[in-house]
Amino acid sequence: MAHFEGRFIDRIVVLTGAGISAESGVPTFRDADGLWEQHDPMQIATPEAFMRDPDLVYRFYNARRARLPGVEPNAAHHAVVRLQREFAGDVFLVTQNVDDLHERAGSQQVCHMHGRLQAALCTACARSTPMSGDYDGTTACPACGTSGSLRPDVVWFGEIPYYMDEIETRLADCDLFIAIGTSGLVYPAAGFVRRALQCGATTVELNRETSDVSGLFHHQRKGLATAVVTALVEELLAA
Ligand code: APR
């Protein structure tokens, strides 16, 4: 149990977005240097885009996957691990990110609602296989051997995110909802704060700027994730 802004906290849900990985050198989507400033998401991150030009899509995700070994988790990822390890109550981490920085920082529980870069989904057998290297339309599925059936195991626009039932249960049951580094523009993740509010949780937004849903948070802490996440975790663990 902890005290936060005058109430007992026992169950925490943490939602992260690209902003938590920004200081590790992983580009976000909508900042000035973001991925969607250089690529049209409708040409890359939709099932139709993959049908239309699979090689363009394979190349986009292969390039992002290849950059992962060159970046490291930052102090914000490590602060989340500390919260997960040391908080006396329950912490559920759900991320929109497809990078592996939460895991590499030491998080044992990470709910990747938008999938993971380091995996391949087989459209023949529907199994997801860990893949750290490049793959394309000629790569055989390691699970079923079918060739040409692999796609990035990333949830594209128009697709249903993973683990929504579990996320809903956690949101309905939490006392504190913390959103870190997300613009609040993409649903259903952008709606999690509203659900947490409906269920009586205290809500906190940690972001460098104001997001599209900042008005729905009881508390906003503006700053770089490495500073504001570390400070909030210290406050929660000291309470
Ligand atoms: N510290 C804190 N916040 C930061 C930092 C930082 N160093 N750098 C950027 N931010 C914030 C920005 O202010 C912005 O609100 O992170 C957010 C990044 O927003 P987006 O680029 O839109 O990323 P995200 O919210 O994760 O996007 C959601 O959109 O394209 C889809 O599937 C993709 O998961 C992604 C989803």
Side-chain angles (χ1 to χ4, degrees), residues 13-50 57 60-61 63-65 68 71-80 93-102 105 110-119 121 151-164 167 177-194 203-217 219-233:
V13 171
V14 178
L15 168 69
T16 62
I20 198 171
S21 298
E23 290 162 89
S24 295
V26 178
T28 65
F29 293 94
R30 297 172 182 85
D31 288 333
D33 57 349
L35 288 171
W36 298 154
E37 296 304 316
Q38 297 149 36
H39 303 270
D40 174 358
M42 294 303 119
Q43 300 303 319
I44 295 266
T46 67
E48 296 75 19
F50 185 60
V57 175
F60 175 76
Y61 287 97
R64 289 175 66 196
R65 189 177 314 108
L68 282 182
V71 296
E72 293 297 324
N74 63 54
H77 296 103
H78 290 296
V80 170
L93 172 61
V94 49
T95 185
Q96 300 171 90
N97 300 341
V98 291
D99 64 52
D100 61 345
L101 293 179
H102 280 304
V110 187
C111 177
H112 280 280
M113 65 179 287
H114 287 170
R116 295 180 309 119
L117 270 178
Q118 292 175 314
L121 181 62
R151 59 160 275 184
D153 192 5
V154 169
V155 178
W156 284 326
F157 291 103
E159 297 186 318
I160 311 289
Y162 286 124
Y163 313 116
M164 287 307 293
I167 295 167
F177 175 74
I178 305 170
I180 303 170
T182 182
S183 57
L185 287 166
V186 176
Y187 286 80
F192 290 176
V193 57
R194 192 181 303 276
T203 56
V204 186
E205 181 180 62
L206 308 180
N207 197 314
R208 191 182 59 181
E209 297 159 5
T210 298
S211 79
D212 206 49
V213 289
S214 291
L216 292 173
F217 287 85
H219 309 284
Q220 261 195 301
R221 304 237 175 130
K222 274 203 182 169
L224 294 176
T226 50
V228 291
V229 178
T230 307
L232 178 62
V233 168

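Each ligand, and each atom within it, is numbered from 1 in the order the structure gives. Note that the structure is predicted; figures quoted are calculated from it, not measured. Basis for what follows: all heavy atoms, side chains included, without hydrogens, waters or symmetry-related copies.
- With sequence neighbours left out, Glu37 forms a salt bridge (charged side-chain N to carboxylate O under 4.0 Å, His left out) with no residue at all.
- Take Thr230 and apply the side-chain hydrogen bond (donor to acceptor under 3.5 Å, both in side chains) test, not counting sequence neighbours, and it matches no residue.
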Given the rule in the side chain to side chain contact (heavy atoms under 4.5 Å, CB included) test, do Arg64 and Val98 qualify, once you have shown the distances and angles that lead to the verdict? CA-CA 10 Å; Arg64 289 175 66 196; Val98 291; 3.5 Å; yes
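- Side-chain atoms of Asp99 do not come within 3.5 Å of backbone N or O of Leu117 as any donor-acceptor pair.
- Protein residues having at least one heavy atom under 4.0 Å from any atom of ligand 1 are Gly17, Ala18, Gly19, Ala22, Glu23, Thr28, Phe29, Arg30, Asp31, Trp36, Gln96, His114, Phe157, Gly181, Thr182, Ser183, Val186, Asn207, Arg208, Glu209, Gly223, Leu224, Ala225, listed by chain and number.
- Residues meeting the ring-ring contact (aromatic ring centres under 6.0 Å, His included) test with Phe60, sequence neighbours left out: Trp36, His39.
- Two residues are said to be in side-chain contact when any heavy atoms from C-beta on lie closer than 4.5 Å; Arg116 and Asp153 fail this criterion.
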